[in-house]
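The structure appears below as structure tokens.
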Amino acid sequence: MLDSQTLEKPLTQIKSQDQLIKELDIGASWTVAQIEALFALPFNELMFKAQETHRHNFPEGDVELATLLSIKTGGCPEDCGYCPQAARYHTDIKANKLMDLDEVLEAAKAAKAAGSNRFCMGAAWREPKDRDIEKVTAMIKGVKALGLETCATLGMLEAKQAKALQEAGLDFYNHNLDTSEDFYRSVITTRDYQDRLDTLDHVRAAGMSVCCGGIVGMGESRQQRAAFIARLANLQPYPESVPINHLVPVAGTPLADQEPLDPLEFVRTIAVARITMPRARVRLSAGRQELGRAVQAMCFQAGANSIFYGEQLLTTGNPEAEQDLALLKELGLKTKSSCKAEVQV
């Protein structure tokens with residue numbers, strides 16, 4: 001039974017973000033060494049710091065539900081070593097043309113009915129053509145009219161294309177850095193790291209919010225994971241949404257035989273992302289199914305507060321919606337009720 005002192009006072013005093021920053025001795029930006037030091041903390045201490053940061057910045061503790069639809073699958077000319085949509089790899093993915101507007105809107109309606117806040121549209125392009133942008137802007141307008149947040153991931157963008165998407169009402173543009181700059185060439189050779197940064201600049205200049213993260217477990221070192229997080233955290237401003245994917249090895253791709261990352265290292269990565277990007281929605285993305293319920297629960301404790309929700313995540317399986325809701329209910333986590341885009345100030 002709890003004694004009177006426990007009932008009168010909280011067990012722990014939640015610290016403000018300013019206190020945490022002072023405690024961690026953070027300057028104007030994060031260094032790789034500082035982030036490595038976070039990774040190296042005793043697990044319980046790291047989780048505690050992440051939970052403090054999370055509670056301070058998201059006192060409601062809600063989880064955002066996002067649905068991702070592949071509006072154009074396969075046939076991509078790039079050589080991303082993790083991706084079954086690359087035309088050069090022999091996988092089970094067949095190239096399909098861009099979906100019709102009505103199909104996309106039906107999928108968006110179903111996502112909203114299932115409780116999603118954000119609807120993301122992904123196309124397997126290196127970069128879209130202007131005629132593609134015209135078709136996608138119609139999709140964006142239609143999804144916005146349903147009352148959902150909108151997000152798109154279409155590859156590299158030119159400045160005028162980013163502006164056209166913004167004018168159509170796109171809230172977020174997703175363009176992942178994938179990994180650290182020094183590990184990048186081990187995974188991708190058909191696109192430069194700077195190309196990705198340039199697209200993010202175009203997105204910000206157009207006035208859209210940024211969704212940007214990457215994939216862990218591709219064979220990178222902890223130092224390279226720290227460098228990847230540092231690059232994200234030091235963007236000005238850092239992304240509003242940070243999807244952290246756990247590699248799903250796919251037969252036929254160069255990373256098909258990659259050894260899986262230790263689950264606790266993945267949880268550490270979520271915690272470090274939360275501490276270094278305190279106001280971002282940190283999203284559990286690809287690979288959730290392989291992690292299992294217990295590890296996902298630890299990720300929520302570490303500060304993850306967004307999930308890709310539904311049966312399919314581009315071309316790899318995702319836990320079914322009913323299983324997701326059951327887990328959130330069992331953990332006592334509520335879902336985000338608003339479909340209004342959260343923008344940093």
Side-chain angles (χ1 to χ4, degrees), residues 66 68-73 76-83 85-86 118-130 132-133 136-137 139-140 149-181 183-185 187-216 218 227-245 247 273 277 280-283 285-286 306 308 313-315 341-344:
L68 175 59
L69 175 70
S70 180
I71 60 174
K72 192 277 175 189
T73 303
C76 182
E78 301 215 61
D79 70 349
C80 304
Y82 52 80
C83 186
Q85 300 200 67
R118 186 184 304 181
F119 190 73
C120 307
M121 294 162 276
W125 291 317
R126 172 179 166 82
E127 68 273 305
K129 297 180 173 60
D130 288 343
D132 300 322
I133 293 291
V136 174
T137 55
M139 297 175 185
I140 293 166
E149 290 180 10
T150 54
C151 180
T153 178
L154 315 171
M156 294 183 291
L157 291 182
E158 297 176 1
K160 65 177 183 178
Q161 293 175 324
K163 190 61 180 174
L165 295 174
Q166 185 273 332
E167 289 175 349
L170 189 66
D171 297 303
F172 292 82
Y173 192 79
N174 166 258
H175 200 63
N176 289 337
L177 293 182
D178 280 352
T179 188
S180 66
E181 189 167 5
F183 188 69
Y184 184 82
R185 282 290 172 187
V187 182
I188 303 164
T189 67
T190 51
R191 186 190 309 192
D192 290 336
Y193 207 74
Q194 188 59 48
D195 292 331
R196 294 181 180 270
L197 295 171
D198 290 345
T199 289
L200 294 178
D201 287 342
H202 295 327
V203 170
R204 282 294 187 204
M208 287 183 285
S209 294
V210 166
C211 176
C212 183
I215 306 171
V216 297
M218 296 191 291
F228 157 61
I229 296 292
R231 176 69 80 160
L232 289 174
N234 291 331
L235 291 173
Q236 296 296 326
Y238 56 76
E240 285 85 355
S241 290
V242 181
I244 304 294
N245 298 272
L247 176 70
M277 293 169 279
R281 286 277 176 181
V282 177
R283 180 180 298 140
S285 300
S306 177
F308 269 132
L313 180 55
L314 287 182
T315 57
E342 297 166 333
V343 180
Q344 290 184 31

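None of the values given here were measured: they were computed from a predicted structure.
- Side chain of Glu181 to main chain of Tyr193: no donor-acceptor pair is present (N/O by atom type, distance under 3.5 Å, no hydrogens or angles).
- Within the 3.5 Å criterion, the main-chain N or O of Thr153 finds no donor-acceptor partner in the side chain of Asn174.
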* To do: Given side chain to side chain contact (heavy atoms under 4.5 Å, CB included), test His175 with Val203 step by step and report yes or no.
  => CA-CA 9 Å; His175 200 63; Val203 170; 5.9 Å; no
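- Taking every heavy atom of both residues into account, Gly213 and Leu232 meet most closely at CA-CD1, 4.0 Å.
- Between the NE2 atom in His202 and the CG atom in Leu165 there is a gap of 12.5 Å [rounded to 0.5 Å].
- Residues Lys160 and Asp130 form a side-chain contact, since some pair of their non-hydrogen atoms from C-beta on lies under 4.5 Å apart.
- Judged by distance alone, the side chain of Ser209 and the main-chain N or O of Phe172 form no donor-acceptor pair under 3.5 Å.
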* To do: Apply side chain to side chain contact (heavy atoms under 4.5 Å, CB included) to the pair Glu127 and Thr199, showing each step before the final yes or no.
  => CA-CA 10 Å; Glu127 68 273 305; Thr199 289; over 6 Å; no
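- In this structure a side-chain-to-backbone donor-acceptor pair under 3.5 Å is missing from Arg283 to Ala66.
- Rounding to the nearest 0.5 Å gives a distance of 10.0 Å between CD1 of Ile188 and CZ of Phe183.
- Counting only distance, with no hydrogens or angles, the side chain of Glu240 and the backbone of Val210 share a donor-acceptor pair below 3.5 Å.
- Looking at Asp132, its side chain does come within 3.5 Å of a backbone N or O of Lys129 through a donor-acceptor pair.
- For the pair Asp79 (side chain) and Thr189 (backbone), a donor-acceptor distance under 3.5 Å is present.
- Between Leu157 and Pro128 there is a side-chain heavy-atom pair separated by less than 4.5 Å.
- Of the possible polar contacts, one joining the Tyr184 side chain to the Arg191 backbone as a donor-acceptor pair under 3.5 Å is found.
- Considering all non-hydrogen atoms of both residues, Arg126 and Pro77 come closest at CB-CG, 3.9 Å.
- Considering all non-hydrogen atoms of both residues, Asn176 and Cys211 come closest at OD1-O, 4.3 Å.
- In this structure, Gln166 and Gly207 approach most closely via the heavy-atom pair CG-C, 4.3 Å.
- One finds a salt bridge joining Asp178 and Arg196 here, because a Lys/Arg side-chain nitrogen approaches an Asp/Glu carboxylate oxygen to under 4.0 Å.
- Atoms CD1 and CD1, on Ile244 and Ile229 in that order, are 4.5 Å from each other to the nearest 0.5 Å.
- The backbone N or O of Ala164 sits nowhere less than 3.5 Å from a side-chain atom of Thr137 that would complete a donor-acceptor pair.
- Taking CG of Leu197 as the reference point, atom CZ of Arg231 lies at 5.0 Å (rounded to 0.5 Å).
- Here the side chain of Asn245 pairs a donor or acceptor atom with the backbone of Ala286 at under 3.5 angstrom.
- The two atoms that bring Arg185 and Thr190 nearest to each other are NH1-N, 4.3 Å, heavy atoms only.
- For the 3.5 Å distance criterion, the side chains of Ser241 and Arg118 qualify, holding a donor opposite an acceptor.
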* Asked: Stepwise, does the side chain to side chain contact (heavy atoms under 4.5 Å, CB included) test hold for Ile71 with Val136?
  -> CA-CA 9 Å; Ile71 60 174; Val136 174; 4.3 Å; yes
* Is there a side chain to side chain contact (heavy atoms under 4.5 Å, CB included) between Thr150 and Met139 once you walk through the steps? -> CA-CA 10 Å; Thr150 54; Met139 297 175 185; over 6 Å; no
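- Between Trp125 and Cys76, the shortest heavy-atom distance links the atoms C-SG, 4.3 Å.
- Contact check for Met156 versus Asp198: no side-chain heavy atoms found under the 4.5 Å cut-off.
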